[in-house]
Amino acid sequence: MTREVSFREKVFSVVRKIPKGQTLTYAEVARLAGSPRAARGVGSILHTNYNPKIPCHRVIRSDGKLGGYNRGNILKLKKLKAEKAL
DNA sequence: AATGTGACAACTC
DNA sequence: CGAGTTGCCACAT
């Protein structure tokens with residue numbers, strides 16, 4: 001079977017569909033994207049291809065930590081506090 | 001075109 | 001329980 005879209009495209013589609021107040025881990029996104037071992041790839045992809053349409057601040061580590069954020073991990077924490085509280 | 005680096009996660013010792 | 005190693009994907013040089 002051939003992949004119609006690149007892993008990168010799949011990651012964007014998944015992250016973009018994260019409902020408000022919901023947070024996913026890099027591993028979860030990687031698994032939904034078709035590669036459960038490519039959590040690292042998810043981070044790298046989001047790091048270079050940040051789009052305002054993609055709430056990548058809702059993507060956190062499985063360790064319970066935030067991970068990183070292009071616009072400032074502090075903003076990410078603030079957003080998670082606001083959205084997760086809903 | 002090839003190698004190295006990076007927003008991670010899971011396993012092993 | 002903690003530290004170290006391996007696997008995966010895309011991007012930068």
Side-chain angles (χ1 to χ4, degrees):
Chain A
M1 290 289 281
T2 57
R3 294 191 211 308
E4 297 185 1
V5 295
S6 298
F7 178 69
R8 179 172 83 73
E9 303 291 316
K10 212 92 144 205
V11 171
F12 286 122
S13 297
V14 173
V15 176
R16 194 191 301 151
K17 285 166 190 162
I18 299 176
K20 187 177 180 186
Q22 179 71 41
T23 50
L24 287 179
T25 65
Y26 291 99
E28 287 290 278
V29 175
R31 171 158 38 178
L32 295 171
S35 295
R37 315 244 144 124
R40 205 170 188 175
V42 175
S44 188
I45 291 162
L46 295 177
H47 178 51
T48 31
N49 279 295
Y50 176 68
N51 289 301
K53 303 296 184 195
I54 300 174
C56 48
H57 58 265
R58 288 180 189 150
V59 184
I60 61 175
R61 291 182 51 145
S62 295
D63 300 276
K65 299 180 194 345
L66 297 178
Y69 193 51
N70 273 352
R71 314 278 297 223
N73 55 341
I74 309 300
L75 180 63
K76 181 174 184 177
L77 177 63
K78 197 174 284 189
K79 280 178 172 291
L80 287 175
K81 280 230 170 174
E83 295 186 359
K84 250 168 85 172
L86 299 175

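The basis for the numbers below is simple: all heavy atoms, side chains too, and nothing from hydrogens, waters or symmetry mates. Naming convention: chains lettered A, B, ... in sequence-line order (proteins, then strands); numbering from 1 in each chain. Remember, predicted model here, so these are calculated numbers, not experimental data.
- When all heavy atoms are compared, the tightest approach of A:Phe7 to A:Ala38 is CZ-CB, 3.7 Å.
- Side chain A:Tyr26 to base B:dA9: no donor-acceptor pair is found below 3.5 Å.
- When all heavy atoms of A:Ala30 and A:Ala39 are compared, the closest pair comes out as CB-N, 3.8 Å.
- In this structure, A:Asp63 places its CG atom 13 Å from P of C:dA3, rounding to the nearest Å.
- Candidate nucleotides C:dA10, B:dA9, B:dA7 were compared by shortest atom distance to the side chain of A:Ser6, and C:dA10 ranks first.
- Heavy-atom distances under 4.0 Å link DNA chain B to A:Ala39, A:Arg40, A:Gly43, A:Ser44, A:Leu46, A:His47 of residues 38-48 of chain A, given in residue order.
- Between A:Arg16 and A:Pro55, the shortest heavy-atom contact is CA-CD, 3.9 Å.
- Per the geometry, OH belonging to A:Tyr50 stands 19 Å off C1' belonging to C:dC11, to the nearest Å.
- Atoms CZ (A:Arg37) and P (C:dT5) sit 20 Å apart, rounded to a whole Å.
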Protein and nucleotides 10-13 of chain B: nitrogen or oxygen contacts under 3.5 angstrom:
none

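- Taking atom CZ on A:Phe7 and atom C1' on C:dG7, their separation rounds to 12 Å, with Å as the unit.
- If you take NZ of A:Lys10 and P of C:dC8, they are 18 Å apart, rounded to a whole angstrom.
- For the side-chain contact (heavy atoms from CB on, under 4.5 Å) criterion with A:Ile18, the lone passing option out of A:Leu24, A:Thr23, A:Ile54 is A:Leu24.
- Shown for residues 16-25 of chain A: no residue has heavy atoms falling under 4.0 angstrom of DNA chain B.
- Between the CZ atom of A:Arg8 and the OG atom of A:Ser13 there is a distance of 10.0 Å, given to the nearest 0.5 Å.
- Screening residues 47-56 of chain A for side chain to side chain donor-acceptor pair (under 3.5 Å) gives A:His47-A:Asn70, A:Tyr50-A:Tyr69 as the qualifying pairs, with residues at least two apart or on separate chains.
- Checked against side-chain hydrogen bond (donor to acceptor under 3.5 Å, both in side chains), A:Arg40 has no partners two or more places apart in sequence or in another chain.
- No side-chain heavy atom of A:Ile60 sits under 4.5 Å from any side-chain heavy atom of A:Tyr26.
- A close approach under 4.0 Å does not occur between any side-chain nitrogen or oxygen of A:Asn49 and OP1 or OP2 of C:dA10.
- Listed by chain and number, the residues in a side-chain hydrogen bond (donor to acceptor under 3.5 Å, both in side chains) with A:Arg58 are A:Glu83 (sequence neighbours excluded).
- Atoms OG1 and CZ, on A:Thr25 and A:Arg31 in that order, are 8.5 Å from each other to the nearest 0.5 Å.
- In this structure, A:Phe12 places its CZ atom 12 Å from C1' of C:dC9, rounding to the nearest Å.
- To the nearest 0.5 Å, the span separating NZ on A:Lys10 from CG on A:Leu32 amounts to 10.5 Å.
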